[in-house]
Amino acid sequence: MHKTAAYAAQNALSPLAPFSIDRREPGPDEVLIDILYCGVCHSDIHQARDEWGGSVFPMVPGHEIVGRVAQAGANVARFKPGDAVGVGCFVDSCRQCPQCKAGDEQYCDQGMTGTYNSRERATGAPTYGGYSTRITVDQAYVLRIPESIPLDRAAPLLCAGITTYSPLKYYGVKAGDEVAVVGLGGLGHMAVKLAVAMGAHVTVLSTSESKRADALALGAHAFAATRDPATFKQLARKFDFIIDSVSGEHDYNAYLGLLKVDGTMVLLGIPETPAPVAAGLLISKRRKLVGSMIGGIRETQEMLDFCAEHGVASDIELIDIDQINRAYERMLKGDVRYRFVIDIASFDKAA
């Protein structure tokens, strides 16, 4: 076992604090990774504060992990010590259901094994995430990080990046398509960058006029403030595709009216209260309202390679681990552009 420094929540009300965990020696098909960076996802807050229910404590969050291979098991052919690698939102799945066999492990019939706040399939032991200095993972669930992507800016690609890439790719967004991105946070800023890289004409829709300059700087071609009711009249039936990254309550129907015939609106956020949807808006223009989660391992690697080819990476604010509780509070206020990333080397300073 490898004694490993971590930060954990002991219960739903406690702040994150230093904690020690054991990481196993890598088995024949596993790699031990020295973690360098870990992104901070809003879902870390939801789970650490048990807002979704069923949280497993003590909890070490973090599922946007980038590091280097320290040890590789005897059967590992894909990776060697020193390789830059990543671990995203899950570390195992049943491997036998139709989804797993198709490379869509995120939709595993038995449920994917989360990188944290889950339980190992073989032992039932809790999984601990990337707010720690190392992790042991089966090679089948490890990604290769292309050399051209800065490692700290690669970390959020493993959740925010793939969460937005997957629906853009699945629904066939292509050059010349009119794409709207609702919300300009951790997910939204990646949606803008990726859709632009795919050749789409991108409009950011935000309640905050203050996001206009940022949206355009990220590559968006246009911006519209949705607090102005006139926006929804001016942009009616304009878009082929809408990617909605907002988790707060909002009116889906208003945005559905912005789709062309056969347009698609994909939901990435989960508001606390279910929202009503007017069937007439869908029926009258053959519109589609769909949802999407993350991507499978194969698609996540494809996304990383796409980002390397097109010079795409996350916009981040690098923080020390002892700033994590303050970072959570800032995230809740929307005070981050656009993703916090923990510098795991700061564990040495925090010790």
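Atom set for the values below is all heavy atoms of this structure, side chains included, hydrogens, waters and symmetry mates excluded.
- A donor and an acceptor atom, one from each side chain of Thr136 and Glu30, are nowhere located under 3.5 Å apart.
- A donor-acceptor pair shorter than 3.5 Å can be found between the side chains of Tyr165 and Glu302.
- When side chains are defined from C-beta on, Val182 does not count as touching Ile243, because their heavy atoms never get closer than 4.5 Å.
- A donor-acceptor contact closer than 3.5 angstrom is absent between the side chains of Thr133 and Arg23.
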Exercise for review: Let me see the working for Glu105 and Arg298 under salt bridge (Lys or Arg N to Asp or Glu O under 4.0 Å), right down to the final yes or no.
Suggested key: CA-CA 9 Å; Glu105 302 95 339; Arg298 183 171 59 213; over 6 Å; no
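- Aromatic ring pairs are classed by plane angle as parallel below 30°, tilted from 30° to 60° and perpendicular above 60°; the pair His250 and Tyr252 is perpendicular.
- Put simply, the side chain of Arg287 does not reach to within 4.5 Å of the side chain of Thr264, judged on heavy atoms.
- Donor-acceptor pairing under 3.5 Å is recorded for the side chains of Tyr141 and Ser93.
- Annotation: Phe19 is not in aromatic contact with Tyr7 [ring centroid separation under 6.0 Å not met].
- Nearest approach of Met265 to Leu267, heavy atoms of both residues: CE-CD2, 3.8 Å.
- Thr115 and Gly62 make their closest contact through CG2-O, 3.8 Å (heavy atoms, listed as atom of the first residue, atom of the second, distance).
- Here the side chain of Asn117 pairs a donor or acceptor atom with the backbone of Val56 at under 3.5 angstrom.
- Taking the six-membered ring where tryptophan is involved, the planes of His221 and His201 are essentially parallel, since the angle between them stays under 30° and well short of 60°.
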Check your understanding: Could you go step by step and tell me if Asp315 and Arg153 meet the salt bridge (Lys or Arg N to Asp or Glu O under 4.0 Å) rule?
Key -> CA-CA 7 Å; Asp315 285 14; Arg153 297 181 65 199; 3.5 Å; yes
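- Under 4.0 Å is where a charged nitrogen must lie from a carboxylate oxygen, and between Arg212 and Glu209 at least one such pair does.
- Between Ser166 and Glu299, the side chains place a donor N or O and an acceptor N or O closer than 3.5 Å (distance only, hydrogens not considered).
- The aromatic ring centroids of Tyr255 and Phe239 lie 6.0 Å or more from each other.
- Between the side chains of Gln47 and Tyr116, at least one donor N or O lies within less than 3.5 Å of an accepting N or O.
- With 3.5 Å as the limit, one finds a donor-acceptor pair spanning the side chains of Ser210 and Ser208.
- For the residue pair Ser55/Asp50, the side-chain donor-acceptor check at 3.5 Å is satisfied.
- A donor atom on one side chain and an acceptor atom on the other are found under 3.5 Å apart for Tyr131 and Asp44.
- With 3.5 Å as the limit, one finds no donor-acceptor pair spanning the side chains of Gln234 and Thr231.
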